[in-house]
Amino acid sequence: MTVTNESPAARQALNRRGGNAVGDRLFSWWTLGTGLLVLAILGLILITTVREAWPAFDAMGLRFLTERIWDPNPAAGDAIFGALSFAYGTAISSLIALLFAVPVSVGIALFLTELAPRRLRGAAVTVIDLLAAVPSVVFGLWGILVVAPALVPVYQWMHDVLGGVPVLGRLFGPVGSGRNFMTAGLILAIMVTPIITSITREVFSTVPRADKDAALALGATRWEMIRGAVFPHSFGGVVGAVMLGLGRAMGETIAVALVIGGATNITANLFAPGNSMAAVIVQQFGESTGTFTAALIGLGVVLFAMTVLINVFAQMVVRRAEARMKGSVA
Amino acid sequence: MTVTAPPATRSAAGGPDLTRASLAGRRRFTNHLATAAIWGALLLAVIPLALVAYTVLSKGAGVMSLSFLTEDIPNSYRREGGGMAPAIVGTLVITGAAALMAIPLGVFGAVYLNEYGKQKPLARLIRLMADVMTGVPSIVMGLFVYISWVLLVGEQTGFAGALALACLMLPVVIRSSEEMLRLVPDELRQASMALGARKWKTTLTVVLPAAISGITSGSLLAVARAAGETAPIIIVTGIVFSPNWNLFEGSNTALPAQIFRNASTSFPAAQDRAWGAALTLIVIVLGFTVIARFISSRFAIKER
């Protein structure tokens with residue numbers, strides 16, 4: 001369209017007739033602005049938290065990440081802020097969570113896509129939705145007052161049976177209060193199951209009908225069909241879903257803060273209390289000042305960077321997997 | 001779907017036996033094992049849900065009473081009795097304010113993605129980042145609001161909590177609303193354009209009303225999730241022991257924060273209040289969820 005020979009008067013007439021072109025432009029800018037808000041918030045989070053955490057980064061340097069001692073109020077000398085113990089706690093509790101949640105989630109997703117009778121499918125979806133709807137603090141409350149005490153005898157039994165086994169036994173050391181890495185991991189597993197399930201289910205449902213029918217027509221049992229047609233097609237998507245679950249588990253704060261025990265601790269013993277990065281922030285933020293606050297915000301920066309990286313990567317994996325699936329449906 | 005082979009009519013005539021019975025024992029066993037494992041997985045998800053629901057109901061019901069809902073929070077964990085009124089007020093006010101901020105912004109963001117941006121690189125980036133933003137830990141959002149708002153105004157307020165919750169809700173609202181806008185048939189837009197309506201008018205009077213039920217239910221789910229957020233509330237709103245309706249002045253509190261504080265003590269009275277608060281919170285959250293489900297099932301645009 002050429003606008004070169006359009007007189008101002010003609011343009012005005014055009015605008016009057018067709019409604020308000022200025023309004024149109026303003027509206028599109030306004031919606032663009034709200035869309036850009038997402039990018040702005042993410043950028044601002046990074047800038048403000050890094051700036052506010054700088055005193056701690058400045059004082060500790062790289063030791064912030066490699067030092068295992070966290071001593072905000074030492075009897076003598078400077079305070080020491082090392083995040084390693086908490087990073088370890090975050091990693092261990094998240095790994096335990098995935099160890100339990102991934103098989104269960106994949107199983108439920110298979111149930112929903114391949115196995116469920118129509119009537120049960122709705123009920124199963126409701127269960128997953130409800131599990132996702134329960135606030136994390138309620139899981140934490142349940143974890144600290146019911147699950148942790150109830151698991152102590154179980155842990156004790158496992159320690160008695162497996163504690164003597166070389167190497168492996170070190171994982172099942174002496175049991176304390178029941179608030180430990182293991183309990184935190186179990187509670188986290190319950191909380192990440194819905195998200196892994198829902199994404200895995202979406203990925204499974206993109207497997208072409210023809211592939212599944214072909215496998216069945218060749219005489220495969222249902223399990224052989226799942227292994228031969230469903231899994232190879234959806235491997236990438238499942239990896240993405242697991243990583244999203246990992247991101248969620250790492251960032252979970254309240255439930256972990258309640259059940260992980262609250263000790264600065266690096267140990268192979270899963271039955272020992274520890275702490276995670278997110279949990280430390282919420283436990284200690286209220287009583288912190290100065291560099292201590294900066295160090296806690298520094299933990300937030302590390303957490304933010306790690307979860308964003310994991311999420312970006314996971315989203316790209318899921319997108320690629322879904323795009324490929326949709327492309328392959330003839 | 002069933003894997004039962006068609007009735008082996010040919011086997012009677014001497015052809016190959018295609019029934020399930022002819023499967024090698026090992027294959028049959030593996031198949032049964034896998035089926036059992038899948039059912040087991042479902043059971044493993046049901047058990048914790050049932051246990052949580054049972055515990056919260058039984059312990060919460062013991063505390064629940066009118067005075068629990070209307071009385072102030074005791075300022076000592078040890079003291080018995082008292083209620084959760086300040087936390088209920090805080091939850092409603094803070095979550096409501098967050099919804100008022102996040103839902104309009106999120107819906108317009110979704111309008112940009114679906115009506116203007118479509119597959120442009122910028123729109124794809126925003127879409128990706130909105131998904132990433134849903135994965136940002138709530139504690140980080142709390143720290144962000146603490147730095148950029150609480151330090152600025154020099155006071156922990158309910159509004160700071162609302163800001164944090166709004167940041168957490170925004171990406172959820174954007175992505176769920178976009179899904180709903182995508183379901184609006186293009187013919188509606190074309191018909192409106194053909195009648196001479198500008199794009200903004202088409203969007204506001206045709207597209208958004210067509211998708212409003214889906215947008216409402218998606219937003220309500222986001223509200224429900226935000227109402228249960230704890231970590232940012234603890235960091236940015238402080239604590240009060242009597243109801244504070246003013247968002248912009250003075251500290252506030254909310255049910256999740258009270259559950260957290262009371263659960264980490266060893267006093268039975270405080271733990272009882274935590275269970276009562278948990279029951280109240282779950283009722284509120286489930287209320288939103290049920291309304292959302294009802295709206296989406298009752299008024300959904302049929303996918304074509």
Side-chain angles (χ1 to χ4, degrees), chain A residues 18-20 23-24 27-28 30-32 34-35 37-39 41-42 44-45 48-49 52 104 107-108 110-111 115 124 127-128 130-131 133-135 137-138 140-142 144-146 190 193 216 221-223 244 247-248 251 253-254 258 278 281-282 285 297 300 303-304 307-308 311-312 315, chain B residues 3 23 27 30-31 34 37-38 41-42 44-46 48-49 52 55-56 105 108-109 111-113 116-117 126 128-133 135-140 143-144 147-148 167 171 196-201 224 228 230-231 234-235 256 259-260 263-264 271 274 278 281-282 285-286 289:
Chain A
N20 193 346
D24 223 12
F27 185 71
S28 83
W30 162 244
T31 62
L32 175 63
T34 55
L37 200 58
V38 169
L39 303 184
I41 290 176
L42 284 174
L44 276 175
I45 293 177
T48 57
T49 51
E52 207 64 23
V104 171
I108 301 172
L110 284 176
F111 179 83
L115 205 68
V127 166
I128 299 302
L130 285 177
L131 216 47
V134 175
V137 67
V138 174
L141 174 69
W142 180 62
I144 190 174
L145 295 184
V146 178
I190 301 173
T193 297
L216 292 173
T221 61
R222 178 156 41 198
W223 171 242
L244 284 180
R248 220 34 80 82
T253 312
I254 288 300
L258 284 172
I281 302 176
V282 80
F285 199 80
I297 295 173
L303 200 59
F304 178 66
T307 47
V308 164
N311 273 288
V312 168
Q315 293 291 351
Chain B
V3 293
L23 282 174
R27 290 178 60 201
T30 319
N31 192 35
I38 289 174
L42 184 69
L44 277 182
V46 173
L49 181 67
V52 169
T55 326
V56 171
L105 289 173
F108 281 116
V111 166
Y112 168 73
L113 288 181
Y116 291 93
I126 292 178
L128 174 70
M129 283 307 161
D131 281 342
V132 169
M133 197 169 156
V136 169
S138 60
I139 181 85
V140 173
L143 290 175
F144 166 60
I147 295 166
S148 54
C167 289
R198 288 275 181 181
K199 190 157 183 174
W200 68 269
K201 200 153 199 193
T230 317
I234 288 176
I235 288 192
I259 300 173
F260 177 68
S264 26
Q271 293 178 354
L281 180 64
I282 284 197
V285 168
L286 273 190
T289 313

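The structure displayed is predicted, hence computed values, not measured ones.
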For a 4.5 angstrom cut-off between non-hydrogen side-chain atoms, does A/L42 reach B/V136?
yes
Using a 4.5 angstrom heavy-atom cutoff, name the option from B/A278, B/A224, B/P48 with the most pairs to chain A.
B/P48
Portion of A/L141 that has a non-hydrogen atom of chain B nearer than 4.5 angstrom:
both
Residue A/I254 versus chain B: region with a heavy atom under 4.5 Å:
both
For the residue pair A/T31 and B/W200, establish whether any side-chain heavy-atom pair is separated by less than 4.5 Å.
no
Can you tell me which portion of B/I147 sits under 4.5 Å from chain A's heavy atoms? Options are side chain, backbone, both or neither.
side chain
Given a strict heavy-atom distance threshold of 4.5 Å, which part of B/P256 is in contact with chain A: side chain, backbone, both, or neither?
both
Under 4.5 Å to a heavy atom of chain A? For B/I234 that would be side chain
So which of B/V140, B/V132, B/I259, B/T289 has the biggest tally of heavy-atom pairs under 4.5 Å with chain A?
B/V132
Below 4.5 Å from any heavy atom of chain A, which atoms of B/T55 appear? Answer side chain, backbone, both or neither.
side chain
Which of B/I235, B/L286, B/L281 touches chain A most, by non-hydrogen pairs under 4.5 Å:
B/I235
For B/L105 and A/W30, which heavy atoms make the closest approach, and how far apart are they?
CD2-CH2, 4.0 Å
Name the region of A/T253, side chain, backbone, both or neither, that has any atom closer than 4.5 Å to a heavy atom of chain B.
side chain
Heavy-atom proximity to chain B below 4.5 Å, by part of A/L131
both
So what's closer than 4.5 Å to chain A heavy atoms on B/V285: side chain, backbone, both or neither?
side chain
Could you tell me which non-hydrogen atom of A/L145 sits nearest to which non-hydrogen atom of B/A263, and how far apart they are?
CD2-O, 4.4 Å
Least distance between heavy atoms, B/G109 atom then A/T34 atom:
N-OG1, 3.0 Å
Of A/V127, A/T193, A/I128, the largest count of non-hydrogen pairs under 4.5 angstrom with chain B goes to A/V127
Atom of B/I139, atom of A/G251 and distance for their closest heavy-atom approach:
CG2-O, 4.5 Å
Side chain, backbone, both or neither: which part of B/V52 has a heavy atom under 4.5 Å from chain A?
both
So for A/F304, is it side chain, backbone, both, or neither that comes closer than 4.5 Å to the heavy atoms of chain B?
both
Would you mind checking which part of A/L39 comes under 4.5 Å of any heavy atom in chain B, side chain (CB onward), backbone (N, CA, C, O), both or neither?
side chain
Who wins among B/A231, B/G228, B/A274 for the most heavy-atom pairs under 4.5 Å with chain A?
B/A231
Contact origin within A/V146 toward chain B - heavy atom pairs under 4.5 Å
side chain
With the side chain counted from C-beta on, respond yes when A/N311 and B/D131 share a heavy-atom pair under 4.5 Å apart, and no when they do not.
no
So for A/S28, is it side chain, backbone, both, or neither that comes closer than 4.5 Å to the heavy atoms of chain B?
both
B/F260 versus A/V282: any side-chain heavy-atom pair under 4.5 Å?
yes
Under 4.5 Å from any heavy atom of chain A, what part of B/I282 do you find: side chain, backbone, both or neither?
side chain
Do the side chains of A/L44 and B/F144 get nearer than 4.5 Å, heavy atoms only?
yes
Which atoms form the tightest heavy-atom contact between A/I144 and B/S264, and what is the distance?
CD1-CA, 4.5 Å
Applying a strict 4.5 Å limit to non-hydrogen atoms, the region of A/I108 in contact with chain B is both
Measure B/A37 against the heavy atoms of chain A and call it side chain, backbone, both or neither at under 4.5 Å.
neither
Give the minimum heavy-atom separation between B/M129 and A/V312, together with the two atoms involved.
CE-CG2, 4.4 Å
Could you check A/I297, A/T48, A/I45 and say which one makes a side chain to side chain contact (heavy atoms under 4.5 Å, CB included) with B/L143?
A/I297
Measure up the B/F108 and A/F27 rings against each other and bin them: parallel (under 30°), tilted (30 to 60°), perpendicular (over 60°).
perpendicular
Heavy-atom distances under 4.5 Å only: say whether A/V134 touches chain B with side chain, backbone, both or neither.
side chain
Under 4.5 Å from any heavy atom of chain B - which part of A/L244:
neither
